[in-house]
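Contents: one structure, followed by commentary.
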Amino acid sequence: GAVVSQHPSWVICKSGTSVKIECRSLDFQATTMFWYRQFPKQSLMLMATSNEGSKATYEQGVEKDKFLINHASLTLSTLTVTSAHPEDSSFYICSASHPAGVENEQFFGPGTRLTVL
Amino acid sequence: QQQVKQSPQSLIVQKGGISIINCAYENTAFDYFPWYQQFPGKGPALLIAIRPDVSEKKEGRFTISFNKSAKQFSLHIMDSQPGDSATYFCAAGSGYSSASKIIFGSGTRLSIRP
């Protein structure tokens, strides 16, 4: 149980275009989802916390107008990278908290590799 | 400001040996300390986690040692196997809510030599 999926697993886009990444909790309802960014050989950096039915809370330094997050249902959160540029190329990972699970425990998706040309 | 400091950056251990990774934190409000394992191109997976009310937790070959006064905790992998070769992240969080954030350490690339 507690499986989180992401789609797509990888995406290549042209500079200036927008890309949407989906994060789904497959076998549980997640009231909270988290979005992270990971550059090669670096740690995971939290971008934002997403709560179902409310606006996302962004970490300091993350542009909310560039990284649009929508948590429309208890099983789906989306991250849209708007007007993507090469510096946005990264590994984007989402996680979800299981409401009946161990407190604080987050279940991570497999990640989405974004390459902006 | 790095809230969770992790060392070493990389580690090579012979098969069957003990792998030890250390972390230190600054924020005394942290009360949840998980360790994650990540393989290339994959998302991290929870290995083991500890709360500050105990000094040690063991699950199979993985043990967390926790020193509250020193604000340090470590991961010990006993009888290390080639399949353990991965990047390991310590992390820290506070509160008991499913919405609580966690902060990751910088990671340790572990290689187990056959």
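Numbered from 1 within each chain, the chains take letters A, B, ... in sequence-line order.
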### Message
When you compare the side chain of A/Phe108 with that of B/Lys42, does any pair of heavy atoms fall below 4.5 Å?
### Response
no
### Query
In Å and rounded to the nearest 0.5 Å, what is the CG to OG distance from B/Leu46 to A/Ser95?
11.5 Å
### Task
For B/Arg61, look at atom CZ and say whether over 12 heavy atoms of other residues, nucleotides or ligands are found less than 6.0 Å away.
yes
### Query
In terms of heavy-atom proximity below 4.5 Å to chain B, should A/Glu59 be classed as side chain, backbone, both, or neither?
side chain
#### Entry: Side-chain heavy atoms of A/Ile93 within contact of B/Gln38, under 4.5 Å
yes
### Task
Indicate if B/Ile103 and B/Ile48 have the same hydrophobic cluster label, given that clusters are the connected sets of ILVMFWY residues with side-chain heavy-atom separations under 4.5 angstrom.
yes
### Task
Among A/Arg113, A/Gln42, A/Gln38, single out the residue with the greatest number of heavy-atom pairs under 4.5 Å to chain B.
A/Gln38
### Task
Assess whether atom CD of B/Gln9 is packed by more than 12 heavy atoms of other residues, nucleotides or ligands within 6.0 Å.
no
### Query
Is the number of heavy atoms from other residues, nucleotides or ligands within 6.0 Å of NZ (B/Lys15) greater than 12?
no
### Query
Between the main-chain N or O of B/Gly105 and the side-chain N or O of A/Ser43, is there a donor-acceptor pair closer than 3.5 Å?
yes
### Query
Mind checking whether A/Ile69 and A/Leu46 sit in one hydrophobic cluster, side chains of I, L, V, M, F, W, Y counted as touching below 4.5 Å?
no
### Task
Using non-hydrogen atoms and a 4.5 Å limit, figure out which bit of A/Leu44 sits close to chain B: side chain, backbone, both or neither.
both
### Task
Examine whether an atom of B/Pro34 lies under 4.5 Å from a heavy atom of chain A, and if so say whether it belongs to the side chain, the backbone or both; otherwise answer neither.
neither
### Hydrophobic cluster identity match, A/Leu114 and A/Val62, side-chain contacts under 4.5 Å
yes
